[in-house]
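Single-structure report; data block below.
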Amino acid sequence: MADDRPVLNQINLVVRDMDAMIEFYRKLGAEIAPTEPPWERHHRTLSMPDGLDFDLDSTDFAAQWNRGWPPGQTGPVVGFRVASREAVDGIYEDLTNAGYVGQQPPYDAFWGARYAVIADPEGNSVGVMSPVDPARRTPQRPPTE
């Protein structure tokens with residue numbers, strides 16, 4: 001039987017000043033993957049060992065993938081991967097039925113995964129994501145500025 005428990009695999013920092021954050025993490029020694037110019041101000045990925053996904057996202061972009069993100073707020077989003085699309089829906093339902101605040105109901109995200117966000121008791125955003133299915137990817141434009 002497969003282990004269906006969520007696995008911590010992602011941290012997103014939602015930021016106001018992408019340039020300042022890039023400068024800080026580069027000085028820290030992190031490698032930052034290049035991206036297409038329209039996305040440079042909205043989404044950057046820091047290369048991390050062992051499969052951890054560490055991303056910087058603008059406040060405008062966070063509002064696209066988490067409709068419950070408070071406008072202009074910064075902070076972390078802790079991400080967990082699960083084994084299936086159905087598991088995303090089940091975990092979201094279990095947690096919201098238990099009284100936790102759902103920020104983003106499960107949906108088929110443009111990057112090809114099923115995704116949902118729930119706030120923990122302290123108000124931190126916790127994302128739950130299925131494996132990416134390349135056949136479910138759709139084009140996405142960066143936020144307009």
Show me the donor-acceptor pairs, under 3.5 Å and distance only, between side chains in residues 107-116 and residues at least two apart or in other chains.
| residue | atom | partner | partner atom | Å |
| --- | --- | --- | --- | --- |
| Y107 | OH | W65 | O | 3.1 |
| D108 | OD1 | R85 | NH2 | 2.4 |
| D108 | OD1 | R114 | NH1 | 3.1 |
| R114 | NE | D89 | OD1 | 2.8 |
| R114 | NH2 | D89 | OD1 | 3.3 |
| R114 | NH2 | D89 | OD2 | 3.4 |

- Message: As an exercise, state the distance from CH2 of W39 to CZ of R141, rounded to the nearest 0.5 Å.
- Response: 11.0 Å

- Message: One pair to check against side-chain contact (heavy atoms from CB on, under 4.5 Å): T45 and D53. What are the steps and the verdict?
- Response: CA-CA 7 Å; T45 298; D53 187 9; 3.9 Å; yes

- dist H42:NE2 -> D60:CG (nearest 0.5 Å) comes out at 6.0 Å

Residues 96-103 side chain polar contacts: donor-acceptor under 3.5 Å, at least two apart:
| residue | atom | partner | partner atom | Å |
| --- | --- | --- | --- | --- |
| T96 | OG1 | Y92 | O | 2.8 |
| T96 | OG1 | E93 | O | 3.4 |
| N97 | ND2 | E93 | O | 3.2 |
| Q103 | OE1 | N66 | ND2 | 3.1 |
| Q103 | OE1 | S125 | OG | 2.6 |
| Q103 | NE2 | S125 | OG | 3.4 |

- Side chain of R41, backbone of M18: donor and acceptor closer than 3.5 Å? no

- What about V14 and V78, same hydrophobic cluster or not, with Ile/Leu/Val/Met/Phe/Trp/Tyr joined at side-chain heavy-atom distances under 4.5 Å? no

- Task: Please determine which of T74, L46, L56 meets the side-chain contact (heavy atoms from CB on, under 4.5 Å) test together with M21.
- Result: L56

- Item | Expected output: side-chain D120 to main-chain E122 donor-acceptor under 3.5 Å | yes

- Criterion side-chain contact (heavy atoms from CB on, under 4.5 Å) on Q104 and R67, from CA distance to verdict: CA-CA 6 Å; Q104 171 62 61; R67 289 179 288 187; 2.8 Å; yes

- If Ile, Leu, Val, Met, Phe, Trp and Tyr residues are connected whenever their side-chain heavy atoms lie under 4.5 Å apart, and connections chain through other members, are L8 and V82 in the same group? no

- Message: Quick check on side chain to side chain donor-acceptor pair (under 3.5 Å): which of T35, N12, D57 does H43 satisfy it with?
- Response: D57

- Indicate yes or no: at least one non-hydrogen side-chain atom of Q64 is less than 4.5 angstrom from one of P143. yes

- Task: Answer with yes or no whether the hydrophobic clustering places V7 together with I11; edges join I, L, V, M, F, W, Y residues whose side-chain heavy atoms lie under 4.5 Å apart.
- Result: no

- Item | Derivation and outcome, side-chain contact (heavy atoms from CB on, under 4.5 Å), residues L13 and Y25 | CA-CA 12 Å; L13 289 182; Y25 283 103; 3.3 Å; yes

- CZ (F80) and CD (Q10) are apart, to the nearest 0.5 Å, by 11.0 Å

- Query: Is any NZ, NE, NH1 or NH2 atom of the basic residue among E23 and K27 found under 4.0 Å from an Asp or Glu carboxylate oxygen of the other?
  - Reply: yes

- Under 4.5 Å between side-chain heavy atoms, hopping through other hydrophobics if needed: is there a path connecting M48 to V132? no

- Task: Following the transitive rule for hydrophobic clusters with a side-chain heavy-atom cut-off under 4.5 Å over Ile, Leu, Val, Met, Phe, Trp and Tyr, establish whether I91 and V88 coincide in one cluster.
- Result: yes

